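Everything quoted here is computed from the prediction, not taken from an experiment. The basis for the numbers below is simple: all heavy atoms, side chains too, and nothing from hydrogens, waters or symmetry mates.
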Amino acid sequence: MGCCSGRCTLIFLCTFQLMVALERQVFDFLGYQWAPILANFFHILVVILGLFGTIQYRPRYIVVYTVWTAVWVAWNVFIICFYLEVGGLRKDSDLLTFNISAHHSWWSEHGPGCVRREIPSSGERGVDTQSYISIMGCLLEYQYIEVLHCGFQILTSLLGFIYACYVISVITEEEDSFDFIGGFDPFPLYHVNEKPSHLLLKPVHQSS
């Protein structure tokens with residue numbers, strides 16, 4: 001019963017993680033954040049692997065998922081430090097885009113309450129005239145939205161890590177007990193009923 005409840009909870013957590021990761025992948029694509037896009041891609045693959053292993057009773061797949069959740073927590077801690085500018089990191093740098101583009105988080109211009117205005121540069125207007133973008137009225141700054149996303153990812157990953165360890169231990173114990181009672185012995189009855197060969201070949205004496 002404990003295995004069933006823990007396994008069902010892990011299936012729910014993996015499914016929920018998959019949905020949240022897909023949602024995050026969409027917004028990272030909109031912001032051209034290439035490093036998070038690659039990390040989300042691997043995360044989605046491993047979560048699918050863990051979900052399959054949980055459904056099919058494959059502890060090795062669940063072990064891979066468990067190891068990855070620790071890596072995923074570390075990655076999200078790094079993202080939090082990046083947006084909060086901890087340890088010399090700068091949220092305005094192009095680190096997450098691999099210096100390919102100058103794009104930033106999609107939430108920096110489309111956050112709740114944000115009003116996007118284009119201010120043309122002073123001087124003569126022409127085809128190549130550049131304009132500056134001003135963001136005003138945001139109810140919550142984009143870096144805090146990203147931090148909340150990462151914090152939620154860490155919470156679900158920690159829950160998945162705990163339940164994955166529990167399910168692995170229960171499945172391993174069940175396999176060991178199954179081996180102990182002879183579950184994988186193909187001929188258990190034959191060994192019990194086996195008789196010595198000299199008893200089977202003993203001649204029968206007839207009374208005169």
- Kindly write out the residues that satisfy side-chain hydrogen bond (donor to acceptor under 3.5 Å, both in side chains) with E141, not counting sequence neighbours, or none if the list is empty. none
- Item | Under 4.5 Å side-chain linkage, directly or through intermediates, the cluster mates of I55 | I11, L51
- By side-chain hydrogen bond (donor to acceptor under 3.5 Å, both in side chains), D28 pairs with (sequence neighbours left out) N40
- side-chain contact (heavy atoms from CB on, under 4.5 Å) filter on L45, not counting sequence neighbours, yields F41
Can you give each donor-acceptor pair under 3.5 Å made by side-chain atoms of residues 58-65, sequence neighbours left out, with the distance rounded to 0.1 Å?
unit_1, atom_1, unit_2, atom_2, d
Y65, OH, Q17, OE1, 2.5

- Contacts of F78 that satisfy ring-ring contact (aromatic ring centres under 6.0 Å, His included) - sequence neighbours left out: W75
- Item | Sequence-distant partners of C114, disulfide bond (SG atoms under 2.5 Å apart), two or more places apart | C138
- Item | Test ring-ring contact (aromatic ring centres under 6.0 Å, His included) applied to F29 - qualifying residues, sequence neighbours left out | none
Please tabulate, one pair per line, all N/O donor-acceptor pairs under 3.5 Å involving side-chain atoms of residues 149-159, not counting sequence neighbours.
unit_1, atom_1, unit_2, atom_2, d
H149, ND1, I145, O, 3.1
H149, NE2, E23, OE2, 3.2
Q153, OE1, W72, NE1, 3.0
T156, OG1, F152, O, 3.2
T156, OG1, Q153, O, 3.0
S157, OG, Q153, O, 2.8

- Which salt bridge (Lys or Arg N to Asp or Glu O under 4.0 Å) pairs, counting each pair once, include a residue from residues 73-88, with sequence neighbours left out? E85-K91
- Task: Identify, with sequence neighbours excluded, every residue that meets side-chain contact (heavy atoms from CB on, under 4.5 Å) alongside F98.
- Result: W34, A35, L38, I100
- Query: Of all residues at least two apart in sequence or in a different chain, which pass the side-chain hydrogen bond (donor to acceptor under 3.5 Å, both in side chains) check with S105?
  - Reply: E146
